[in-house]
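Take a look at the structure set out below.
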Amino acid sequence: MQIAIRVPAARVKRLVVPLRQVPVLPLAILLLLVLTALLAPVLAPGSPTEQNLGKRLLPPAWVGGGSWDYPLGTDLFGRDILSRVIYGARISLMISMTAIGVGGLFGILVALPAGYLGGRVDMLLMRAVDVALSIPTILIGIVLAVTLGPSYEAVISVIVLFVWPRYARQVRGETLAIKQRDFIALAKIAGSSRARILIVHIFPNLVPTLLVLSSLQVGAAIIMEATLSFLGVGIPPPAPAWGVMVADGKDLVVSAWWVSLFPGIAILLTVLSLNLLGDWLRDRLDPKLRQV
Amino acid sequence: MTQPLLQVENLRTYFLSRWGTVKAVDGVSFSVHPGETLGLVGESGCGKSVTCLSILRLVPQPAGKIVGGRVLWEGEDLLKKSEVEMRRIRGGCISMILQDPMTSLNPVFSIGDQVAEGIAIHRRLKGKTLWQKTAEVLGLVRISSAKARLRDYPHQFSGGMRQRVVGAISLACEPRLLIADEPTTSLDVTIQLQYLNLLKEIQRRSGVAMIFVTHDFGIVAKTCDRVAVMYAGRIVEIASVRDLFSRPAHPYTRALLDSIPNLEEQVDRLYSIEGQPPALHSLPPGCAFAPRCPYATRRCDHEYPPEVSLNSGHMALCWRVA
């Protein structure tokens, strides 16, 4: 009798799986987005703001009546949509990164002492977070825009307001869990000061959480910026913000669908990629799922 | 006898809880002399760990509070020291090893960094000298090729090795008292023996005094000079190891010793102490062990027994020996 020896399929597969698990497509899209933002002046075929009223509402090149001078067509003022979408990447990235940076930092600065010290400090700071979470951010954005006029600063402030309590919540919860761990006790026994324990022992353990949270929050920030711009209280025209462009086309959807569609697709792809990347990061970095 | 290194007098640490005041440590007194090993024995929840944390003033805040007593370190009361002074004492003079080596190390730092931290704080070394000293300390706890492993992370070490790394962290600044809170409980038996031998050897070489918390009488016999038996937040008997094993005075100590299975005798059932230890938030007015004590009298239920000195250094808290 003969026994066939087969290489177990699982072993062959195992080499392939990690590579397949990496979200290649989202990463590629995000890389493309960053490159686009950096190289906007090189990549864009035309100016994002130059109007050409003789060439209003030209359809995309592959539709009848379109021309390759304007690959994605033109808007109501004859501006090149492709160029505007490309420059829009700059605005979206700049706004969301700045806002996440400021909001995240603020949230962490509030939450670390709250979680570590506990007691009354924690109570006060976390009630402040609850208040911040219950503020209708869009409404604040509208009020700000109406009173101070739409500006980059106003949009960033609104997103900061939206983002920091979310960071604070997450960081505080994590800090509470980490401070109970034995290695913190051991650090105390070794004579570390409070500040040292917070900065040297707790903070580095928060980094995975912050990475995951940030990738998801950048997506939320981009949506927020687009929403405000769509409502006309965000980035002031004629700057080519994606939200503004979607709003520009909203009355023309039936006749000139391309005005809204392409910036809409840009928002969709960016946010979707960020969310997929965030999910993947969470699975990868979660200590409970990670092999010890 | 020389002056004690550490003298704990009437230490009381209470926890405020939903059910009332939990008297985790209720009037504990003992002393540790330079170079000696004091065993601290008792069942779970009798206040052994809280006693140790109280010495370092690291009782979990804000629930726990040291409400009374004195902790004299070479004659100076640690309970009156400022937080900054305490930090110099922790790690520098008194150090501690925790029970679970799997959680005692910070997963995001290399072990070199973690051992070096204490040395950097207390000895103010930097750069190459710091790294050199770190490797030296790791060699002391028999981490082979210590220098090469400085940059490894905790997950690359086995449980026994991690506990040795924890030992290295605690011993890095040559403390004069090491509190070992069940350091071998989570190690397997062969590694336990290895670790105990290592601690003994380090003690021989450096003369560090130890408080050894355990509930294993085998370890007590092997490592300790004197033993304190704790029950419900108090030390009920304290004696030299020889006296305790040959002439246990307190019924609880005797019951504990009787609970050790004897391989020579054939028995149907192993001996165990009847009943449960009392809830620490509603202790009886008399002896806390009375409800489980086979010799209890009416007096035991109502009056707390006095400290009785039997002979030099042998003390018990019981009406029977009074």
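Just so we're on the same page: letters track the sequence lines, and every chain starts at 1. Please read these numbers as outputs of a predicted model, since none were measured by experiment.
Applying the 6.0 Å contact sphere to NZ of B:K65 captures no more than 12 heavy atoms from other residues, nucleotides or ligands. Around the CZ atom of A:R120, the shell of radius 6.0 Å holds no more than 12 heavy atoms that belong to other residues, nucleotides or ligands. For CD of B:E74, the number of neighbouring non-hydrogen atoms (other residues, nucleotides, ligands) closer than 6.0 Å is greater than 12. Shown here is B:R124, whose CZ atom has no more than 12 heavy atoms of other residues, nucleotides or ligands within 6.0 Å.
The existence of a salt bridge linking A:R194 and B:E83 is excluded, since no basic side-chain nitrogen approaches an acidic carboxylate oxygen closer than 4.0 Å.
Within the model, atoms CG of A:L186 and OG1 of B:T103 stand 9.5 Å from one another, a figure rounded to the nearest 0.5 Å. Note that NZ of A:K188 and CG of B:L53 are 9.0 Å apart. Values are rounded to the nearest 0.5 Å.
If you measure heavy-atom distances from A:V207 to chain B, you find no contacts under 4.5 Å at all. There is no contact between B:Y153 and chain A, counting heavy-atom distances below 4.5 Å.
The nearest pair of heavy atoms linking B:H122 to A:G191 is NE2-CA, 4.1 Å. Considering every non-hydrogen atom in both A:D182 and B:S104, the closest pair reads CB-CA, 3.7 Å. Shortest non-hydrogen contact noted between A:I189 and B:M96 is CG2-N, 3.4 Å.
A heavy-atom distance below 4.5 Å is found between the side chains of A:R196 and B:I121. Counting only heavy atoms from C-beta outward, the side chains of B:P107 and A:R181 approach each other to under 4.5 Å.
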Give the intermediate values and the outcome of side-chain contact (heavy atoms from CB on, under 4.5 Å) for residues B:L98 and A:F183.
-> CA-CA 9 Å; B:L98 299 174; A:F183 60 81; over 6 Å; no
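Ranked by heavy-atom pairs under 4.5 Å with chain A, the list B:R88, B:E117, B:M86 is led by B:E117. Contact count versus chain B (heavy atoms, under 4.5 Å) is highest, among A:S193, A:G118, A:A187, for A:S193.
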